[in-house]
Amino acid sequence: MREIIIKAFGYFEPAAEECLEELHRLCEAWYLDMQVFTLDKGTLHIYHEGEYFPDDEVSAILAKHITEKSQGKLDIIDYEAWKLHRYFLQMQYQRKEDLAKGIVYSRSSSLDYALEASMQKNSQVEIK
């Protein structure tokens, strides 16, 4: 059994079948189980534990599907680096020019400060 270094989990809604298909193609390219991404009644569920997770590529795909009605988050816990990286999947946190480049607003923090960091809603608060 492989050591769990990375844990990725979150949700994104509303999500279409096209989004799921793009993510499944990414799974094939990265040799990940297709069950990392599941779609249920318009909600994309994300769950993965393992040695790696292509979060930059996943967030770039999700960026293409963020609309005014979107909501969700993607958390990446890196136990080796002791970090939490959260992607905010709501339009209110995005700049449209960043989304066009495949960039989703995100924040990182030490797991020691993860609760405080995940509660912040603007980038003006310094995270230790």
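Computed from heavy atoms alone, side chains included, the values below leave out hydrogens, waters and symmetry copies.
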message = Within the structure provided, determine whether His48 and Gln35 are in side-chain contact (heavy-atom separation under 4.5 Å).
response = no
Heavy atoms of other groups near Glu18 CD, more than 12 under 6.0 Å:
no
If you define the side chain from C-beta out and look only at heavy atoms, does anything of Leu89 sit under 4.5 Å from Tyr11? no
>> Quick check against the 3.5 Å criterion: does His45 have a side-chain atom that pairs as donor or acceptor with the backbone of Thr38?
In response: no
All heavy atoms of Gln94 vs all of Val104, minimum pair found to be OE1-CA, 3.5 Å
*Polar side-chain atom of Tyr105 near backbone of Asp98 as donor-acceptor pair, under 3.5 Å*: no
Validation row: Phe9, Glu49 side chains within 4.5 angstrom (heavy atoms): no
Single-linkage hydrophobic cluster, 4.5 Å side-chain cutoff, Leu39 and Val58 together: yes
For Lys73 and Gln90: C-alpha separation, side-chain torsions, deciding distance, then whether side chain to side chain contact (heavy atoms under 4.5 Å, CB included) applies.
CA-CA 8 Å; Lys73 67 176 178 64; Gln90 295 162 266; over 6 Å; no
Under a 4.5 Å cut-off applied to non-hydrogen side-chain atoms, are Phe37 and Ile46 in contact?
yes
To the nearest 0.5 Å, atom NZ of Lys64 lies from atom OG of Ser59 at 11.5 Å
CG (Asp78) and NZ (Lys83) are apart, to the nearest 0.5 Å, by 9.5 Å
When you check the side-chain N and O atoms of His65 and Ser70, is any donor under 3.5 Å from an acceptor? no
Value for CD1 (Ile103) from CG (Asp56), rounded to nearest 0.5 Å, stands at 10.0 Å
Query raised in the report: Between Leu23 and Leu44, is any pair of side-chain heavy atoms under 4.5 Å apart?
Result: yes
**Report entry** Under 3.5 Å donor-acceptor, Glu13 side chain and Lys41 backbone
**Finding:** no
I'd like to check Tyr52 versus Leu32 (side-chain heavy atoms, cut-off strictly below 4.5 Å). Are they in contact? yes
Looking only at heavy atoms, the pair that brings Tyr87 and Ile76 closest together is CE1-CG1, 4.1 Å
